[in-house]
*Asks:* 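The structure's right below; bear with me while I get my questions together.
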2 protein chains.
Amino acid sequence: MARNCRFAVAVHITALLATMEGQPCTSEWIAGSVNTNPVVVRRLLSALAKAGLVRSTRGSAGGSVLARPADRISLLDIHRAVDEDEEPALHNQPPNPACPVGRNIQSVLVRVMERADAARDAVLSTTLLSEVVGALKVEG
Amino acid sequence: MARNCRFAVAVHITALLATMEGQPCTSEWIAGSVNTNPVVVRRLLSALAKAGLVRSTRGSAGGSVLARPADRISLLDIHRAVDEDEEPALHNQPPNPACPVGRNIQSVLVRVMERADAARDAVLSTTLLSEVVGALKVEG
DNA sequence: CGAATAGAAACTGTATCTGTTACATATTTC
DNA sequence: GAAATATGTAACAGATACAGTTTCTATTCG
């Protein structure tokens, strides 16, 4: 998982939209709950909109709403929307091709990391935004 | 997974040690295969030694060897040795406690991320260094 | 002793990220 | 049409993390 907090804030934002049930929310109001700057919220909303998860409208009485029900949005959808193209973290400089290990280590590592990432993604894909919202209510 | 390349390089280093079968390797020689600076290698070797995965000796004819057979070292062992205490990436500023979502989102997210990380770790824990070395030989 | 090696501290350049300001664009309301 | 209210986006600053490098100390072998 990336070391930034985009995923956490994006889940926060979409959970807020889910609890507002179609009522458009402004980036300033959302920023009040996240405790950050409205532009940070808008950047994430923009990424979520490109992925088709939210819709935003400008102008007075504008704001953002979920583009589909919370039980049809998985945390993997959100993760891919805001942390796109996470490539495996390999060597900065290409290893020495004259060494049997250096020549092949990257392709072997990529295969392992793809399996590891797939296992993590499987958990995220079976966790729905609606479940997160439900868990929030239980906490009270 | 972290965005640095410590894990990739650490697997590279330990795979080299495994193929050398007990012959001590110097950080300079290892750096030649990894294509980096010997100090970068020593930093990782130091972390691996603290985790009990390698042993290093100083002085002339010194170097590093694996502390136990490659079929008793998992990639999770290596990952934990060099990328210690990876906490889940949450909000930078604490969310607004006056908001029902802001008040509880972090505890819910931590639980989800722990499940996701556990799934990834399960893959890494069942992948042994000896398997990586075997895959390297197949590639040729 | 002298050569070779690990260990560790300190510093640099680069990249990424969050937060911020500023402004253009779009939409509603009056 | 003008004003108010939003989003969209570019540009910039400060903080942090990381890889790489230099330099020095400590240790070991011959």
Side-chain angles (χ1 to χ4, degrees), chain A residues 1-10 12-13 17 20 23-32 34-51 53-65 67 82-87 89-95, chain B residues 1-10 12-13 16-17 20 23-32 34-51 53-65 67 82-95:
Chain A
M1 192 82 73
R3 295 321 294 150
N4 59 47
C5 59
R6 283 202 285 263
F7 176 63
V9 175
H12 188 154
I13 291 171
L17 298 186
M20 295 303 281
Q23 175 103 27
C25 304
T26 71
S27 63
E28 188 160 4
W29 181 81
I30 296 171
V34 175
N35 192 17
T36 186
N37 189 289
V39 176
V40 173
V41 173
R42 291 206 285 270
R43 279 204 278 250
L44 291 169
L45 281 169
S46 174
L48 292 165
K50 274 178 192 150
L53 303 181
V54 309
R55 275 194 310 262
S56 302
T57 57
R58 300 206 238 196
S60 180
S64 300
V65 295
V82 300
D83 267 320
E84 56 215 326
D85 52 290
E86 278 199 53
E87 302 148 14
L90 294 178
H91 304 57
N92 280 352
Q93 302 298 326
Chain B
M1 192 82 74
R3 295 320 295 150
N4 59 46
C5 58
R6 283 203 287 261
F7 175 64
V9 175
H12 188 154
I13 291 172
L16 277 174
L17 299 185
M20 295 303 282
Q23 173 101 28
C25 303
T26 71
S27 62
E28 188 161 4
W29 181 81
I30 296 171
V34 176
N35 192 17
T36 185
N37 190 290
V39 175
V40 173
V41 173
R42 289 207 286 270
R43 278 204 280 251
L44 290 169
L45 281 169
S46 174
L48 292 166
K50 274 178 192 149
L53 303 181
V54 309
R55 276 193 310 264
S56 301
T57 57
R58 300 206 241 195
S60 181
S64 300
V65 296
V82 300
D83 267 320
E84 57 216 324
D85 52 287
E86 278 199 53
E87 302 147 12
L90 293 179
H91 304 56
N92 279 356
Q93 303 298 326

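Each chain gets a letter, A, B and so on, in the order the sequences are listed, and its residues count up from 1. Since this is a predicted model, take the numbers as computed values, not measurements.
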*Asks:* Please report the distance, rounded to the nearest Å, between CG in Leu45(A) and P in dA26(C).
*Replies:*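 Spelled out: CG on Leu45(A) to P on dA26(C) is 19 Å.
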
*Asks:* Using every non-hydrogen atom in the two residues, find where Thr36(A) and Val41(A) come nearest and quote the distance to one decimal.
*Replies:*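 That would be CG2-CG2, 4.0 Å.
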
*Asks:* Is any side-chain heavy atom of Arg42(B) closer than 4.5 Å to a side-chain heavy atom of Val39(B)?
*Replies:*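 Sidechains of Val39(B) and Arg42(B): in contact.
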
*Asks:* Looking across every strand, which nucleic acid part, if any, lies under 4.0 Å from Asn92(B) by heavy atom: base, sugar-phosphate, or nothing?
*Replies:*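 Sugar-phosphate only.
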
*Asks:* How many whole angstroms separate atom CD1 of Ile30(B) from atom C1' of dT5(C)?
*Replies:*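 Between C1' of dT5(C) and CD1 of Ile30(B): 12 Å.
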
*Asks:* Which residue lies toward the 5' end of DNA chain C, Ser27(B) or Gln93(B), if each is placed at its nearest nucleotide?
*Replies:*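 On the 5' side of the pair lies Ser27(B).
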
*Asks:* Measure the shortest side-chain to side-chain distance between Ile30(B) and Leu17(B) over non-hydrogen atoms and say whether it is less than 4.5 angstrom.
*Replies:*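 Side-chain contact under 4.5 Å: yes.
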
*Asks:* Can a side chain N or O of Arg42(A) be found less than 4.0 Å away from OP1 or OP2 on dT7(D)?
*Replies:*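 Answer yes for this pair, as a side-chain N or O of Arg42(A) is under 4.0 Å from OP1 or OP2.
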
*Asks:* Contacts to DNA chain C from residues 3-10 of chain A, heavy-atom cutoff under 4.0 Å, which residues?
*Replies:*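 Those residues whose heavy atoms fall under 4.0 Å from DNA chain C, taken from residues 3-10 of chain A in numerical order, are Asn4(A), Cys5(A), Arg6(A).
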
*Asks:* His91(B) has an atom NE2; how far is it from atom C1' of dC17(C), in whole Å?
*Replies:*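 So the NE2-C1' distance, His91(B) to dC17(C), works out to 16 Å.
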
*Asks:* For the CD atom on Glu28(A), are there more than 12 heavy atoms of other groups (residues, nucleotides or ligands in this structure) within a distance under 6.0 Å?
*Replies:*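 Check fails, neighbour count at 12 or below.
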
*Asks:* Provide, to the nearest angstrom, the distance between the CG atom belonging to Leu44(A) and the P atom belonging to dC17(C).
*Replies:*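 So the CG-P distance, Leu44(A) to dC17(C), works out to 12 Å.
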
*Asks:* Toward the 5' end of DNA chain C, which comes first, Gly59(A) or Glu28(B), by nearest nucleotide?
*Replies:*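 Between the two, 5'-proximity favours Glu28(B).
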
*Asks:* Is Ser64(A) touching bases, backbone alone, or none of the nucleic acid, heavy atoms closer than 4.0 Å?
*Replies:*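 Answer is nothing: Ser64(A) stays at 4.0 Å or more from every strand.
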
*Asks:* When rounded to the nearest 0.5 angstrom, what distance separates CD in Gln23(A) from CH2 in Trp29(A)?
*Replies:*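 Between Gln23(A) CD and Trp29(A) CH2, I get 9.0 Å after rounding to 0.5 Å.
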
*Asks:* Are any non-hydrogen side-chain atoms of Arg6(A) and Leu44(A) less than 4.5 angstrom apart?
*Replies:*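 Side-chain contact under 4.5 Å: yes.
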
*Asks:* Below 3.5 Å, does any donor atom in the side chain of Arg43(A) face an acceptor in the base of dT20(C), or the other way round?
*Replies:*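 A donor-acceptor contact between them is present.
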
*Asks:* Could you state the CG-P distance from Asn37(B) to dC18(D), rounded to the nearest angstrom?
*Replies:*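 So the two atoms are 18 Å apart, to the nearest Å.
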
*Asks:* Measure the distance from CH2 on Trp29(B) to P on dT5(C) and round it to the nearest whole Å.
*Replies:*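 Rounding to the nearest Å, CH2 of Trp29(B) and P of dT5(C) are 13 Å apart.
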
*Asks:* Just wondering, do Asn4(A) and Asp83(A) contact through their side chains at under 4.5 Å, heavy atoms?
*Replies:*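 In contact.
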
*Asks:* If you find the nucleotide of DNA chain D closest to Cys25(A) and the one closest to Val39(B), which residue's nucleotide is nearer the 5' end?
*Replies:*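 Between the two, 5'-proximity favours Cys25(A).
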
*Asks:* Any non-hydrogen side-chain atom of Leu90(B) less than 4.5 Å from a side-chain atom of Cys5(A)?
*Replies:*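 Result no, sub-4.5 Å side-chain heavy-atom pair not found.
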
*Asks:* OP1 or OP2 of dA6(C) sitting under 4.0 Å from any side-chain N/O of Ser46(B)?
*Replies:*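 No.
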
*Asks:* Rounded to whole angstrom units, what separation is found between the CZ atom of Arg55(A) and the P atom of dG8(D)?
*Replies:*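 In whole Å, dG8(D) P lies 13 Å from Arg55(A) CZ.
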
*Asks:* Give the rounded distance in Å between these two atoms: NE2 of His12(A) and C1' of dT18(C).
*Replies:*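 Taking atom C1' of dT18(C) as the reference, NE2 of His12(A) is at 17 Å.
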
*Asks:* Here's a test of your reading of the structure: between Asp83(B) and Lys50(A), which maps to the more 5' nucleotide of DNA chain D?
*Replies:*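 So the residue in question is Lys50(A).
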
*Asks:* Would you say the base of dT7(D) and the side-chain of Arg58(A) have a donor-acceptor pair closer than 3.5 Å?
*Replies:*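 Flag set: donor-acceptor pair detected.
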
*Asks:* Taking only N and O in the side chain of Thr36(B), is any of them less than 4.0 Å away from OP1 or OP2 of dG20(D)?
*Replies:*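 Answer yes for this pair, as a side-chain N or O of Thr36(B) is under 4.0 Å from OP1 or OP2.
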
*Asks:* If only side-chain N and O atoms of Ser60(A) are considered, is one of them under 4.0 Å from the OP1 or OP2 phosphate oxygen of dT29(C)?
*Replies:*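 No, no such contact exists.
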
